[in-house]
Trainee: 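This structure is in structure tokens; I'll ask about it shortly.
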Amino acid sequence: MAKVSTYLNFKRETEQAFNFYKSVFGTEFIGKINRMSDVPPQPGQPPMRDEDKNLVMHVGLPILGGHMLMGTDAPESMGFKVNFGNNVYINLEPDTRAEADKLFKALS
């Protein structure tokens with residue numbers, strides 16, 4: 001079944017924001033909050049800073065009508081710069097590859 005979700009980027013406040021959304025919508029996170037420290041070290045990557053290890057890598061919260069609100073921390077220490085315009089994404093999950101291609105072409 002096709003789905004649409006919204007993905008939010010925060011500098012370092014994702015967990016606080018999603019706990020607020022959780023209290024407003026009265027729903028529970030899908031699975032656990034995934035942390036930056038859950039990602040295994042990658043070859044060639046510098047070690048993760050201790051203050052970044054507990055940041056949110058991914059969280060999902062169902063809100064209304066099957067809509068999923070998802071989020072991540074995007075700190076400058078990891079090369080991100082969160083600005084108005086790159087802090088919200090709409091995630092489309094069509095039923096078929098053909099539908100995905102059609103939407104991509106039309107939206108491009």
Trainee: Could you pull out all residues at least two apart from Phe10 that satisfy ring pair (Phe, Tyr, Trp, His ring centres under 6.0 Å)?
Mentor: none
Trainee: Mind checking whether Ile63 and Thr6 have side chains closer than 4.5 Å, heavy atoms only?
Mentor: no
Trainee: Taking 4.0 angstrom as the limit, do Asp38 and Arg35 come out as a salt bridge?
Mentor: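 No, no charged N to carboxylate O under 4.0 Å.
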Trainee: Checking Asp101 now: which residues fulfil salt bridge (charged side-chain N to carboxylate O under 4.0 Å, His left out) with it, not counting sequence neighbours?
Mentor: Arg97
Trainee: Provide the full list of ring pair (Phe, Tyr, Trp, His ring centres under 6.0 Å) pairs with a residue in residues 44-73, sequence neighbours left out, each pair given once.
Mentor: Tyr7-His58
Trainee: Can you name the closest pair of heavy atoms from Gly71 and Thr14 and give their distance?
Mentor: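 Nearest heavy atoms, Gly71 then Thr14: C-CG2, 3.9 Å.
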Trainee: Can you list the residues that meet the ring pair (Phe, Tyr, Trp, His ring centres under 6.0 Å) rule with Phe29, with sequence neighbours excluded?
Mentor: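 Once residues adjacent in sequence are excluded, Phe29 has no partner under the ring pair (Phe, Tyr, Trp, His ring centres under 6.0 Å) criterion.
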Trainee: Enumerate the ring pair (Phe, Tyr, Trp, His ring centres under 6.0 Å) contacts for residues 89-108, please, sequence neighbours excluded, ordered by first and then second residue.
Mentor: none
Trainee: Tell me every residue that passes salt bridge (charged side-chain N to carboxylate O under 4.0 Å, His left out) with Asp95, counting only those two or more places apart in sequence or in another chain.
Mentor: none
Trainee: Just so I know, are the side chains of Met48 and Met36 near enough to count as touching, which here means a heavy-atom distance under 4.5 Å?
Mentor: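 Sidechains of Met36 and Met48: in contact.
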Trainee: Counting C-beta onward and ignoring hydrogens, is there a side-chain heavy-atom pair between Leu8 and Tyr21 closer than 4.5 Å?
Mentor: yes
Trainee: Nearest heavy-atom pair of Ala74 and Val82: which atoms, and what distance?
Mentor: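 Of all heavy-atom pairs spanning Ala74 and Val82, the closest is O-CG2, 3.5 Å.
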Trainee: Taking all non-hydrogen atoms of both residues, which atom of Gly60 and which atom of Met70 are closest, and how far apart?
Mentor: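 Taking every non-hydrogen atom into account, CA-CG, 4.1 Å.
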